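See structure below.
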Amino acid sequence: MDKAIELHAVDTIYEGEKIPSLKNINLHVNKGEFIAIIGPNGAGKTTLLETINGLLESKKGKVIVLGKELNGDGNGIRKLVGYVPQDYSIDELTPFLVSDVVLMGRFGKIGLLKPITKNDKEIAKNMIDYLGISDLSHRPIGKLSGGQAQKVMIARALAKEPEILLMDEPFSNLDFEARKDVSEKLSHFHKSKQMTFVIVIHDIASIPKVCNRIIVMDAGKIIADGKKEDILKPELLEMGYKGIVC
Amino acid sequence: MLELVFTKILLFAIIGAVLTGFTCSLMGTFVVRMNLSSLGFAMSHAAFAGAALGIFLRKDPLIFALLFSIFVSLALGPLADKAKLKTDVIIGVIFSLSMAIGLLFLNMSPDTAMSSTALRILWGSVLGMTTADIMYLLIISVITIIFVMLFFKEINSILFDRKLARASGINDKPFYYLILFLTSVTVAFSLKLVGGLLVFALMINPTSSVYQFTYDMKKIILLSPIVGVISCLLGILMSFSFDLPTGSAIAIVCSAIFGVSVLVSPKRRKG
């Protein structure tokens with residue numbers, strides 16, 4: 001099966017630090033998979049996502065995304081990879097409207113010196129409608145609640161029509177109903193577009209049903225990796241996966 | 001004959017004011033949104049120090065203002081980019097250093113120290129606008145407009161959030177450095193009109209005024225240069241009417257516009 005993401009013995013160290021935030025990570029994600037990454041705070045989940053899309057440069061090992069090795073800035077690869085950042089906070093006075101922020105998700109993909117087409121605007125509008133935030137379209141992004149802003153960020157990432165979608169705790173600010181609704185929409189999107197989804201999630205109950213693989217991280221390492229039904233066994237969760245390295 | 005000369009000087013002053021107001025305020029939209037105020041401040045004072053060196057060496061002050069300003073943008077850009085320096089530190093170090101260097105050079109030029117030449121680069125001298133000054137301003141204005149028009153998508157994305165722009169596949173670094181470079185060149189070319197000490201006011205105030213009325217970045221980019229041009233023209237009118245230094249008059253006008261904007265801003269209305 002074609003690989004979407006391959007990490008070979010990857011270490012990632014934040015600038016100015018000595019201890020790697022990711023240690024010897026080996027990970028293979030097939031195209032079309034929907035995987036969830038769980039683990040305690042500071043386990044390295046966000047670092048892993050940002051190493052995959054090249055926002056953070058790995059200091060050791062090899063990162064291959066969609067068959068291309070991430071070297072240097074990785075802009076070419078990021079045009080094909082969507083990213084929903086964690087708990088995105090926006091200044092109240094930020095002078096950008098929701099419709100513009102969602103459309104911006106496509107700018108990298110459109111490319112330099114190429115105009116924004118009607119089709120681009122149509123796709124952005126469709127994603128706004130899909131996430132159920134049409135009424136917010138012309139509102140300033142800084143005036144939205146945390147949950148509304150989170151939906152905008154998901155719409156922005158989907159508007160890009162990426163081949164891989166990386167999401168960092170996309171439900172953290174959503175209430176129970178909204179969480180269920182967005183989770184179903186993402187699952188539907190994943191099925192219909194056959195995209196690769198990697199989602200970092202804190203609340204195990206929120207893992208979308210369509211997710212077929214779970215990765216558990218702790219202290220910068222992958223400590224468990226397997227099918228959802230194998231990983232989410234109560235006894236394993238209770239013992240914190242200690243000593244179980246898959 | 002005298003009338004013709006006066007008309008030419010006035011015409012140059014007005015054209016210079018329009019171009020300076022336009023470019024400074026357009027670049028100001030980037031400076032304000034990207035929190036580059038401290039860098040812009042450092043650049044304007046470095047330009048002053050450079051011009052002072054030019055006077056000391058009896059060369060064209062503009063060239064040295066340009067070199068110093070560009071140097072600061074190229075040196076401090078990467079440092080600020082990596083957030084190794086706090087903005088207060090940048091202002092503190094560069095402001096004091098460049099003012100010290102500037103005054104040192106002026107002091108070492110006995111026949112010009114604190115003379116009209118020196119004061120001109122501090123406070124500006126709109127009546128001294130030459131054809132070359134107008135041409136420089138015109139060139140930088142055209143380059144800035146072309147830059148914004150060609151790369152509006154990328155610039156807009158970076159102005160929203162650099163990290164998200166990068167995550168979406170935009171190579172943000174060249175744009176960031178180009179914005180710094182164009183800001184430094186604009187600062188240097190604007191010395192003639194508003195002077196080294198006040199050029200920064202013309203960058204910050206018009207954009208900050210427009211910010212009070214809209215949440216739409218496209219409108220801010222469009223309206224800030226208009227407010228900048230109006231500030232400059234009103235400042236010149238005030239300067240001629242009350243025999244005030246042009247730079248001071250322009251800074252007073254654009255500060256007044258900002259003050260009124262804050263007072264009447266719909267963003268601050270309750271209910």
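Below, chains carry the letters A, B, ... as their sequence lines are ordered, and counting in each starts from 1. Please read these numbers as outputs of a predicted model, since none were measured by experiment.
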Most chain A-contacting option - heavy-atom pairs closer than 4.5 Å, from B:Glu154, B:Arg33, B:Lys163
B:Arg33

Contacting region of B:Lys219 [heavy-atom separation from chain A under 4.5 Å]:
neither

Would you say B:Lys267's side chain and B:Thr214's backbone share a donor-acceptor pair under 3.5 angstrom?
yes

A:Tyr130 side chain vs A:Lys185 backbone, donor-acceptor pair below 3.5 Å
yes

Checking heavy atoms, do the side chain of B:Leu150, its backbone, both or neither come under 4.5 Å from chain A?
both

Charged N to carboxylate O below 4.0 Å: is that the case for A:Lys23 and A:Asp11?
no

In terms of heavy-atom pairs under 4.5 Å, which option from A:Arg139, A:Arg156, A:Lys109 contacts chain B the most?
A:Arg156

Whether the side chain of A:Glu33 engages the backbone of A:Asn30 through a donor-acceptor N/O pair (distance < 3.5 Å, no angle test) should be reported.
yes

How about A:Phe96 and B:Tyr215: are their ring centroids closer than 6.0 Å?
no

Would you mind checking which part of A:Leu80 comes under 4.5 Å of any heavy atom in chain B, side chain (CB onward), backbone (N, CA, C, O), both or neither?
neither

Among A:Leu166, A:Val101, A:Val81, which residue has the highest count of heavy-atom pairs closer than 4.5 Å to chain B?
A:Val101

Can you tell me which portion of B:Phe152 sits under 4.5 Å from chain A's heavy atoms? Options are side chain, backbone, both or neither.
neither

Using atom types as modelled and distance alone, determine if a side-chain donor or acceptor of B:Ser69 lies under 3.5 Å from a backbone N or O of B:Leu66.
no

Using non-hydrogen atoms and a 4.5 Å limit, figure out which bit of B:Phe160 sits close to chain A: side chain, backbone, both or neither.
both

